Colleague: 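Handing you this structure, nothing more for now.
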Number of protein chains: 2
Amino acid sequence: MGVKRPTSFDIAALAGVSQATVSRALSQSPAVSEEVRKRVFEAAQQLNYTVDVNARKLRSKKINTIAVLISEDLDQDNPINPFFVPLLGAILKYAGQKGYDVLTSLQQQSESWSSDYGFARRADGLILLGYKDYDDYVRKAEGLSDIGEPWVVWGLVQPGAGHSVGSDNAQGAYEAVSHLIRLGRRRIAFLGEASSSHPEFRDRYDGYVRALRENGLSIDAGLLADCFISREDGAAAVERLLGCGAVFDAVFATADLPAIGAMQALQKQGRRVPQDVSVIGFDDLWAAACTTPALSTVRQDTTAAARALVDALDRMIANEPVEPVRVPTRLIIRESCGG
Amino acid sequence: MGVKRPTSFDIAALAGVSQATVSRALSQSPAVSEEVRKRVFEAAQQLNYTVDVNARKLRSKKINTIAVLISEDLDQDNPINPFFVPLLGAILKYAGQKGYDVLTSLQQQSESWSSDYGFARRADGLILLGYKDYDDYVRKAEGLSDIGEPWVVWGLVQPGAGHSVGSDNAQGAYEAVSHLIRLGRRRIAFLGEASSSHPEFRDRYDGYVRALRENGLSIDAGLLADCFISREDGAAAVERLLGCGAVFDAVFATADLPAIGAMQALQKQGRRVPQDVSVIGFDDLWAAACTTPALSTVRQDTTAAARALVDALDRMIANEPVEPVRVPTRLIIRESCGG
DNA sequence: TTGTAGGCGTTATCAA
DNA sequence: TTGATAACGCCTACAA
């Protein structure tokens, strides 16, 4: 209890060198002899010394910290997009390997990202996951760019915007829907939101359309069900479709949660999955393997995504040019689509 | 780009006061007139000024940061105990409300917690989630206590150890098993690990035993299946039981994941859940509502847990006495246990 | 290769 | 209530 923390001067005294040499030795400077370095390390170990990161950050202006801002509320009563979870995990892991500390913050309401993180010298750069309000997001992001604060956003792969990393949503959707068609499905419902305020979902819709077109199938507006990313949304969307008397033999949902809700609703209405209706989701949450039947889905590669995000941020921090990254997806076939 | 960051001296000049006054005004010191405070805030706003947190931490010795150390690897290929996820979320949320920054780290291997976080002045205190190796954990934790570093651990409610918060595991298990008995189940299999290196599971086992005893049922060693917390473990455990010809009409698993695996294995063997076998899990992961049948389970209250963890740490940081906390659980009845 | 000395941007201790 | 002034613990020219 109450151990007084040693400083680099204490180490210097013990090792019989100057404080500056201690600093150099501990920060791996090449300009220090092997013999001295060893003495310094021993002294440090003996006194249980560790560099005070705050003094270091203040003096060196290198923060060595990444902030991950999640724009949703994450807890038991108010869960976030569960896809962010493995993504956050992968970011923590990879950033840690690269020597970054990671500060994670749930963005409750409109705070100012730039003053809270950039100007406050809390982090070298920001990774943004999710955006409740797209316009608000854009405004804040511009604020970041204005002050030259490095940031990367997940999901929106905009041509020209260097600071974005996302899955190849159109291609992933295209492959999923093509697979359904190959299985003989012809009337494929789309569960999702095609509004412009969520470009990722828009891209998935485009992939859906392309797959249909290339196979000579037309888009039936009666098979498009607006739906966001909760299980309840998916169930409600299916019930709406059935209520309107829509006829379909497959469902493609833009996320796993609504896909699961859709399966549950179908089964409640006596439709068999996959015999009567095939279902494919998007994300590959771990729970996709827990449903009955197990859910086929388009897997987003969170490990690759995390690497791309952190690497991009790294380069921006180092003032190097950055290209947008499109992470490939992979179709995971389980039981829910048959075949 | 490259905007030069203003310092408190710039604010002082603009507001026509001394730098010290700026500091006092911005840190809500009572010793500053309303009129001056207002001028200072306006100047700060005008120059887009924010306190440099590193300088503040260095000088004040208050870090205002909590570190959450998760002793498991968290990503797509190597998922952690999914229960930690909403818990982490709730911690992020509550700690954020209390004004703490939260640093999260996946502990890959044996690092020294004390030097990395305490002595390095990275965080005021640590919250520990999970422990791969119990003995290693104990050793490191003792290292923390030796240097007077505040820390709280989730899960192990040890009498006497002030720094622990956990669910009331024994009571939760007791209620679940009692419910099964009330439903007429008599041969209740236990899926879990009763080893001493995981006291939480041990407590759940004790609850199981107490419920049986109080109802005049005896413990049948043939119904105890060793199993850790993955879905595969649960499925394997059930297959082992069936393979041995064990007869049972209910399964209580110490976590949701093995409970889900158990249900899948049972169904694959042609046993109906809940008609032939009732199943109850532990945790109430969100996926519990996605299975068929939906999984009954013992819910751990992550919101309350997060509050207890952060509050306890808070008090330890302030050098106040801390009691161990036992967070109540709640039995959630869905379809998998019948009735 | 090492030492000296100055400063990073605050907060805290004095006087005034 | 405010203003000088001295730390906080380290990094980094610059000089030796």
Side-chain angles (χ1 to χ4, degrees), chain A residues 3-41 43-44 47-65 101 115 117-124, chain B residues 3-41 43-44 47-65 101 115 117-124:
Chain A
V3 182
K4 186 153 177 357
R5 204 180 167 281
T7 73
S8 50
F9 285 92
D10 299 319
I11 310 303
L14 184 59
V17 294
S18 77
Q19 181 273 334
T21 298
V22 171
S23 172
R24 279 189 287 253
L26 293 179
S27 54
Q28 312 292 356
S29 159
V32 57
S33 74
E34 218 24 73
E35 199 261 329
V36 167
R37 184 191 311 280
K38 210 175 129 193
R39 260 199 351 256
V40 168
F41 269 92
L47 297 189
N48 223 320
Y49 169 80
T50 312
V51 173
D52 183 319
V53 293
N54 302 303
R56 168 180 283 179
K57 288 175 186 172
L58 172 59
R59 183 57 242 235
S60 71
K61 300 197 168 308
K62 286 174 194 155
I63 319 295
N64 228 270
T65 300
D101 281 345
S115 58
Y117 291 90
F119 274 176
R121 291 255 189 289
R122 232 180 278 266
D124 301 299
Chain B
V3 180
K4 187 160 177 349
R5 203 178 168 282
T7 74
S8 50
F9 284 93
D10 299 318
I11 310 304
L14 185 58
V17 294
S18 77
Q19 182 274 337
T21 298
V22 171
S23 171
R24 279 188 288 251
L26 293 179
S27 54
Q28 312 293 359
S29 158
V32 57
S33 74
E34 218 24 72
E35 199 261 332
V36 167
R37 185 192 309 281
K38 211 176 128 192
R39 256 189 6 247
V40 168
F41 269 92
L47 297 190
N48 224 321
Y49 169 80
T50 313
V51 173
D52 183 318
V53 294
N54 303 302
R56 188 212 287 277
K57 288 174 185 171
L58 171 59
R59 179 60 239 233
S60 70
K61 300 192 170 310
K62 285 173 195 157
I63 320 295
N64 227 270
T65 301
D101 280 346
S115 56
Y117 290 89
F119 273 177
R121 290 257 189 289
R122 234 181 276 267
D124 302 297

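Letters A, B, ... are given to chains in the order of the sequence lines, protein chains preceding strands, and every chain is numbered from 1. This structure is a prediction, so every number in the text was calculated from the model and none was measured.
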Colleague: Can you tell me the distance, in whole Å, between the CG atom of B:N54 and the P atom of D:dC11?
Modeller: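 One finds 13 Å between P of D:dC11 and CG of B:N54, rounded.
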Colleague: Between B:G16 and B:A55, which has a closest nucleotide on DNA chain D that is more 5'?
Modeller: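 Per heavy-atom nearest nucleotide, the more 5' residue is B:G16.
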Colleague: Can you tell which of D:dT2, D:dC10, D:dT12 lies closest to the side chain of B:R24?
Modeller: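 Looking only at side-chain atoms, B:R24 lies closest to D:dT2.
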Colleague: Please report, rounded to the nearest Å, how far the P atom of C:dG9 is from the CZ atom of A:R122.
Modeller: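 Interatomic distance, CZ of A:R122 to P of C:dG9: 17 Å.
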Colleague: Working to the nearest 0.5 Å, report the span between NZ of A:K62 and CZ of A:R121.
Modeller: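 Reported to 0.5 Å precision, the distance equals 13.0 Å.
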Colleague: State, to 0.1 Å, how close B:Y49 and B:T7 come at their nearest heavy-atom pair, and which atoms those are.
Modeller: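 Shortest heavy-atom separation between B:Y49 and B:T7 comes out as CE1-C, 3.6 Å.
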Colleague: Side-chain contact, heavy-atom cut-off 4.5 Å: A:R37 with A:V40?
Modeller: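 Answer no - side chains too far apart.
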Colleague: Evaluate A:E34 against A:K38 for salt bridge (Lys or Arg N to Asp or Glu O under 4.0 Å), listing each step before the verdict.
Modeller: CA-CA 6 Å; A:E34 218 24 73; A:K38 210 175 129 193; over 6 Å; no
Colleague: Could you tell me the separation between the CG atom of B:D10 and the C1' atom of C:dT10, rounded to a whole number of Å?
Modeller: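 So the two atoms are 14 Å apart, to the nearest Å.
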Colleague: With a non-hydrogen cut-off below 4.0 angstrom, is A:K61 in contact with a base, only sugar-phosphate, or nothing?
Modeller: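 Counting heavy atoms under 4.0 Å across all strands, the contact made by A:K61 is with sugar-phosphate only.
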Colleague: Distance check: side-chain N/O of A:S33 vs OP1/OP2 of C:dT2, anything under 4.0 Å?
Modeller: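 It does, given that an N or O in the side chain of A:S33 lies less than 4.0 Å from OP1 or OP2 of C:dT2.
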Colleague: Counting only side-chain heavy atoms from C-beta out, which of C:dC8, C:dT11, D:dA4 sits nearest to B:Q19?
Modeller: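 My answer, after comparing the listed nucleotides, is C:dT11.
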Colleague: Is the distance from OP1 or OP2 of D:dC11 to the nearest side-chain N or O of A:K62 less than 4.0 Å?
Modeller: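 False: A:K62 side-chain N/O out of range (4.0 Å or more) of D:dC11 OP1/OP2.
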Colleague: From the options D:dT2, C:dT10, D:dG9, select the nucleotide whose nearest atom is closest to the side chain of B:T21.
Modeller: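 Nearest to the side-chain atoms of B:T21, counting from C-beta on, is D:dT2.
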Colleague: Among A:T65, A:D101, A:D52, A:N54, which residue meets the side-chain hydrogen bond (donor to acceptor under 3.5 Å, both in side chains) test with B:R122?
Modeller: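 When A:T65, A:D101, A:D52, A:N54 are each tested with B:R122, the side-chain hydrogen bond (donor to acceptor under 3.5 Å, both in side chains) holds only for A:D101.
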Colleague: If I take atom CZ in residue B:R5 and atom C1' in nucleotide C:dG9, what distance separates them, rounded to the nearest angstrom?
Modeller: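 The distance from CZ of B:R5 to C1' of C:dG9 comes to 8 Å, rounded to the nearest Å.
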Colleague: For the side chain of B:Y49, starting at C-beta, report the closest nucleotide among C:dT10, D:dG9, C:dT11.
Modeller: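 Looking only at side-chain atoms, B:Y49 lies closest to C:dT10.
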Colleague: What is the nucleic acid contact for B:V17, judged by heavy atoms within less than 4.0 Å: base, sugar-phosphate only, or nothing?
Modeller: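 Touches sugar-phosphate only.
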Colleague: Roughly, in whole Å, what's the span from CD1 in B:I11 to P in C:dG9?
Modeller: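 To the nearest whole Å, that distance equals 13 Å.
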Colleague: Think B:S23 has a side-chain N or O under 4.0 angstrom from the OP1 or OP2 of C:dT11?
Modeller: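 For C:dT11, OP1 or OP2 has a side-chain N or O of B:S23 closer than 4.0 Å.
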Colleague: Could you tell me the separation between the CZ atom of B:R121 and the P atom of D:dG9, rounded to a whole number of Å?
Modeller: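 After rounding, the reported distance stands at 7 Å.
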Colleague: Side chain of B:V51: nearest nucleotide among C:dT11, C:dC8, C:dT4?
Modeller: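 In terms of side-chain proximity for B:V51, the closest of C:dT11, C:dC8, C:dT4 is C:dT11.
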Colleague: Of all the heavy-atom pairs spanning B:D10 and B:R5, show the shortest one and how long it is.
Modeller: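 So the two residues come closest at OD2-O, 4.5 Å.
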Colleague: From the options C:dT4, D:dT1, C:dT10, select the nucleotide whose nearest atom is closest to the side chain of A:A20.
Modeller: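 Taking heavy atoms from C-beta onward, the closest nucleotide is C:dT4.
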Colleague: Classify B:V53 by what it touches in the nucleic acid, base, sugar-phosphate, or nothing, heavy-atom distance under 4.0 Å.
Modeller: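 No contact at all - B:V53 keeps every heavy atom at 4.0 Å or more from the nucleic acid.
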Colleague: Give a yes/no answer on whether the side chain of B:S18 brings an N or O atom under 4.0 Å of OP1 or OP2 in D:dG3.
Modeller: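 Indeed, a polar side-chain atom of B:S18 lies that close.
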Colleague: Tell me the interatomic distance from B:R56, atom CZ, to D:dC10, atom P, rounded to whole angstroms.
Modeller: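 Spelled out: CZ on B:R56 to P on D:dC10 is 21 Å.
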Colleague: In whole Å, I'd like the distance from the CZ atom of A:R59 to the C1' atom of D:dC11.
Modeller: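 Whole-Å distance recorded here is 5 Å.
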